[in-house]
Colleague: 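Take a look at the following structure, please.
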2 protein chains.
Amino acid sequence: MLMSVDTDVIRALGDPLRLRIVSLLARETLCTTHLMAETGARQTNLSNHLRVLREAGLVETEPCGRFTYYRLRPEALEALAGGFADLAAAARAGDRPRRAC
Amino acid sequence: MLMSVDTDVIRALGDPLRLRIVSLLARETLCTTHLMAETGARQTNLSNHLRVLREAGLVETEPCGRFTYYRLRPEALEALAGGFADLAAAARAGDRPRRAC
DNA sequence: TGACAGTATCAGTCCATGCTGATGTCAGTC
DNA sequence: GACTGACATCAGCATGGACTGATACTGTCA
């Protein structure tokens, strides 16, 4: 079905800082300290954003002693990309019927 | 580059009603009256959401007499899908280096 | 030209969300 | 056990956005 995309995941990616975090995690597995250095954001702020990303299923945590490493879950992004690609394909495929008013 | 995705487009898709509109427009070119019937939303509300989608480049309008037909722009969705697919691929590809704390 | 239908815009309200400082918790170190 | 650093949680504040009623604009038809 076309509506398989979850708006929670989309909303999680709709924030500039969160998108920045996701693109950083696409390259490396990082912990909050690294993300603070890379983004310049406060620890509290990052923690909030990381919770949103975690609850949306976009990242997963890996505790390592005092540190918490964050890893990107490619499946979530792939599902989203697939959903959007399906919508685009449906929009291209049909002979674009136009319902009369 | 990985950060090629625009958060404005993502935010535009992050609303349930707007995502519904997009999925409806993926099948048919519709005007506001049809969308009111399909979604049950008020005209004012729909007009606002359609403006957001138009400003994000996700839909385009086609005036037709008194009516305004809305058509989905597949390119925008394809670009988004491609950006997310690239991020997912980058997350899968690397040997996942872990920066020391 | 007047009436009406389709659509856009505006101002106002309400709620969700992003940011912050303060504080709590847990693990490692002295 | 006291201390420090990494991280999470909480309450408060400010902003943005979703929704609404009222209104304006435009095209069609009688």
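Only a predicted model underlies this, so the values are computations on that prediction, with no experimental measurement involved. Letters go in sequence order (proteins before strands), and every chain restarts at 1. Reckoned from all heavy atoms, side chains included, excluding hydrogens, waters and symmetry mates.
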Colleague: Between B:Thr44 and D:dG21, does any side-chain N or O lie under 4.0 Å from OP1 or OP2?
Modeller: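 So the side-chain polar atoms of B:Thr44 never come under 4.0 Å of the phosphate oxygens OP1 or OP2 of D:dG21.
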
Colleague: Drop me the distance from A:Ser23's OG to A:Glu38's CD, to the nearest 0.5 angstrom.
Modeller: 9.5 Å

Colleague: Any side-chain N or O of A:His49 under 4.0 Å from OP1/OP2 of C:dT17?
Modeller: no

Colleague: I want to check one thing: is the phosphate of C:dC19, taken as OP1 and OP2, less than 4.0 Å away from some side-chain N or O of A:Asn45?
Modeller: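 Looking at the OP1 and OP2 atoms of C:dC19, one of them is under 4.0 Å from a side-chain N or O of A:Asn45.
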
Colleague: D:dG21 phosphate, OP1 or OP2: any side-chain N/O from B:Arg42 under 4.0 angstrom?
Modeller: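 It does, given that an N or O in the side chain of B:Arg42 lies less than 4.0 Å from OP1 or OP2 of D:dG21.
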
Colleague: D:dC7, C:dT7, C:dA27: which one has an atom nearest the side-chain heavy atoms of A:Thr68?
Modeller: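 The nucleotide sitting nearest to the side chain is D:dC7.
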
Colleague: From the set D:dA6, C:dT7, C:dT17, return the single nucleotide nearest to any side-chain atom of B:Thr33.
Modeller: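 For B:Thr33, the side-chain atoms sit closest to C:dT7.
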
Colleague: Checking the side chain of A:Ser47 only, and the main-chain atoms of A:Gln43 only, is there a donor and an acceptor separated by less than 3.5 Å?
Modeller: no

Colleague: Any donor and acceptor pair, going by atom type alone, linking the side chain of A:Arg18 with main-chain N or O of A:Arg11 inside 3.5 Å?
Modeller: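 The answer is yes, because a donor-acceptor pair under 3.5 Å joins these two groups.
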
Colleague: Rounding to an integer number of Å, can you tell me how far B:Asn48 CG sits from D:dG17 P?
Modeller: 12 Å

Colleague: Does the side chain of A:Tyr70 get closer than 4.0 angstrom to OP1 or OP2 of D:dA8 through an N or O atom?
Modeller: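 For D:dA8, OP1/OP2 do have a side-chain N/O of A:Tyr70 under 4.0 Å.
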
Colleague: Do any side-chain nitrogens or oxygens of A:Arg66 fall under 4.0 Å of OP1 or OP2 in D:dT4?
Modeller: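 No.
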
Colleague: Atom CD of A:Gln43 and atom P of C:dG24: how far apart are they, to the nearest Å?
Modeller: 15 Å

Colleague: Atom CG of B:Asp15 and atom C1' of D:dG16: how far apart are they, to the nearest Å?
Modeller: 13 Å

Colleague: According to a strict under-4.0 Å criterion, is A:Ser47 in side-chain N/O contact with OP1 or OP2 of D:dC7?
Modeller: no

